[in-house]
Amino acid sequence: MKRTPHLLAIQSHVVFGHAGNSAAVFPMQRIGVNVWPLNTVQFSNHTQYGQWAGEVLAPAQIPALVEGICNIGELGNCDAVLSGYLGSAEQGRAILTGVQRIKAVNPRALYLCDPVMGHPEKGCIVPQEVSDFLLGQAAAAADILCPNQLELDSFCGRRAQSLEDCVAMARSLLARGPQVVLVKHLAYPGRADDAFEMLLVTREQSWHLRRPLLAFPRQPVGVGDLTSGLFLARVLLGDTWVQAFEFTAAAVHEVLLETQACASYELQLVRAQDRIAHPRVRFEAQALER
Ligand SMILES: Nc1ncnc2c1ncn2[C@@H]1O[C@H](COP(=O)(O)OP(=O)(O)O)[C@@H](O)[C@H]1O
Ligand SMILES: Cc1ncc(COP(=O)(O)O)c(C=O)c1O
Ligand SMILES: [Mg+2]
């Protein structure tokens, strides 16, 4: 029997609704991965409501929890670490120490960093020191980096001018260490206004993918977290990079269709669970020149 992969997911938890682990854990489990959720913050709701209650996990808890798993002899079973929304830069440094610890016992373990830097206009609030940490240290430690356009621009210190430019910028991130860069949402001048575009860049190849742009009265939150979680889960389940990319686009689109049909602001993950596991739509990634 094929082994079920194990994934340590270090990101936010919201009591109500879906963002961070609250957007990613159930879908990753639903497609067949054992998830170890480690919550960097526990907030009542995501920050785009403009108000929330709750607190940030003390950074020392991250190594303590990893050590606890080590002490029961399970750390070597960890196939991957995912990090997303962080409450402080110190938490970020603690995660990198945890990643080193896991790679020491399982050198094949992957680290996916979703560099959630916030989007002040949209109300996604992240402390500045977290962005500085992500720009400075996280990219070098990651095997897989999943920025959105704003985060890609921040890494490169300039705005992308075209699709070719986005590819060149993502490629420049590979030079810092990652094997793969997945840009979860492209926004460059001149792109089609009826499509939602994503990009996957490895050392050997680049792929571009388009899916339909759906209309929402208020953009749902947690889509990025769902995207990075499903991508990593599918890689652990044995997909190639491009297979995982295509699956992720389809499964996320299914969730958005269900969410739109329900006229809901929060992602409809429970209702969409069968569509996540078996997407009915399929999007083909197009290989780019390079
Ligand atoms: N097919 C789609 N149609 C319309 N909006 C989408 C679609 N897919 C994703 N979105 C929205 O696009 C935005 C992507 O946000 P962005 O900041 O680029 O990434 P992230 O979710 O990582 O922060 C989100 O607001 C999400 O709800
Ligand atoms: C607590 C929390 N976690 C994660 C996110 C990131 O969500 P997204 O996947 O839309 O980038 C947000 C965005 O506001 C948030 O408030
Ligand atoms: Mg995001």
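When a ligand or atom number is given, it counts from 1 through the structure's own listing order. What you see is a predicted model, and the numbers here were worked out from it, not measured in a lab. Reckoned from all heavy atoms, side chains included, excluding hydrogens, waters and symmetry mates.
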Next item on the list: Walk me through it: do S44 and Y49 pass the test side-chain hydrogen bond (donor to acceptor under 3.5 Å, both in side chains)?
Entry: CA-CA 10 Å; S44 52; Y49 283 97; over 6 Å; no
Notebook entry, point to check: Which ligand 2 atoms are under 4.0 Å away from a heavy-atom of H46?
Noted result: 15 (C), 16 (O)
Check: For ligand 2, which atoms, with element, lie under 4.0 Å from some heavy atom of V221?
Finding: 7 (O), 10 (O), 13 (C), 14 (O)
Check: If you count the atoms of ligand 2 from 1 in the order shown, which ones are under 4.0 Å from a heavy atom of A19?
Finding: 2 (C), 3 (N), 4 (C)
Margin query: Within the 4.0 Å heavy-atom shell around T47, which atoms of ligand 2 are there?
Written below: 14 (O), 16 (O)
Just the distances, no angles: every ligand 1 N or O to protein N or O pair closer than 3.5 Å, one line each.
residue: ligand 1; atom: 1 (N); partner: P212; partner atom: O; Å: 2.9
residue: ligand 1; atom: 3 (N); partner: L214; partner atom: N; Å: 2.7
residue: ligand 1; atom: 3 (N); partner: L214; partner atom: O; Å: 3.4
residue: ligand 1; atom: 5 (N); partner: Q219; partner atom: OE1; Å: 3.2
residue: ligand 1; atom: 8 (N); partner: R211; partner atom: NH2; Å: 2.7
residue: ligand 1; atom: 15 (O); partner: K122; partner atom: NZ; Å: 3.3
residue: ligand 1; atom: 17 (O); partner: K122; partner atom: NZ; Å: 2.9
residue: ligand 1; atom: 17 (O); partner: N148; partner atom: ND2; Å: 3.0
residue: ligand 1; atom: 18 (O); partner: H185; partner atom: ND1; Å: 2.5
residue: ligand 1; atom: 19 (O); partner: N148; partner atom: ND2; Å: 3.4
residue: ligand 1; atom: 21 (O); partner: G224; partner atom: N; Å: 3.0
residue: ligand 1; atom: 22 (O); partner: K184; partner atom: NZ; Å: 2.9
residue: ligand 1; atom: 23 (O); partner: N148; partner atom: ND2; Å: 3.3
residue: ligand 1; atom: 25 (O); partner: Q219; partner atom: OE1; Å: 3.4
residue: ligand 1; atom: 27 (O); partner: Q219; partner atom: OE1; Å: 3.3
residue: ligand 1; atom: 27 (O); partner: P220; partner atom: O; Å: 2.6

Item checked: Distance-only side-chain donor-acceptor flag, H185 / E197, under 3.5 Å -> no
Check: Is there a side-chain contact between L163 and H208, using heavy atoms and a 4.5 Å cut-off?
Finding: yes
Check: Which heavy atom of the protein is the closest neighbour of atom 6 (C) of ligand 2, given with residue, atom name and distance?
Finding: D225 OD2, 3.3 Å
Margin query: If the cut-off is 4.0 Å to any non-hydrogen atom of S12, which atoms of ligand 2 fall inside it?
Written below: 1 (C), 2 (C), 3 (N), 4 (C)
Checklist line | N or O contact, V116 vs ligand 2, cut-off under 3.5 Å | finding: no
Notebook entry, point to check: Are D143 and K103 within salt-bridge range, i.e. N to O under 4.0 Å?
Noted result: yes
Margin query: Do R210 and Q286 make a side-chain contact, defined as non-hydrogen atoms from C-beta onward lying under 4.5 Å apart?
Written below: no
Next item on the list: Around atom 12 (C) of ligand 2, find the nearest protein heavy atom and jot down its residue, atom name and distance.
Entry: C124 SG, 3.9 Å
Note to self: Between Y265 and Q219, is there a side-chain donor-acceptor contact under 3.5 Å, judged purely by atom types and distance?
What the structure shows: no
Check: Salt-bridged, R3 to D79, with N to O below 4.0 Å?
Finding: yes
Note to self: Within the 3.5 Å criterion, strictly below it, is a donor on E74 or N77 matched to an acceptor on the partner's side chain?
What the structure shows: yes
Note to self: The test is side-chain hydrogen bond (donor to acceptor under 3.5 Å, both in side chains); show your working for R191 and S162 and say whether it passes.
What the structure shows: CA-CA 8 Å; R191 74 186 182 283; S162 62; over 6 Å; no
Item checked: W52 and H46: side chain donor to acceptor below 3.5 Å -> no
Check: Heavy atom under 4.0 Å from ligand 2: found in V223's side chain, backbone, both, or neither?
Finding: backbone
Notebook entry, point to check: What are the atoms of ligand 2, with element, lying closer than 4.0 Å to any heavy atom of Q48?
Noted result: 13 (C), 14 (O)
Check: Out of G84, G224, G222, who gets a non-hydrogen atom closest to atom 10 (O) of ligand 2?
Finding: G222
Check: For F283 and H253, what are the C-alpha separation, side-chain angles and deciding distance, and is it a ring pair (Phe, Tyr, Trp, His ring centres under 6.0 Å)?
Finding: CA-CA 10 Å; F283 304 113; H253 188 68; 5.2 Å; yes
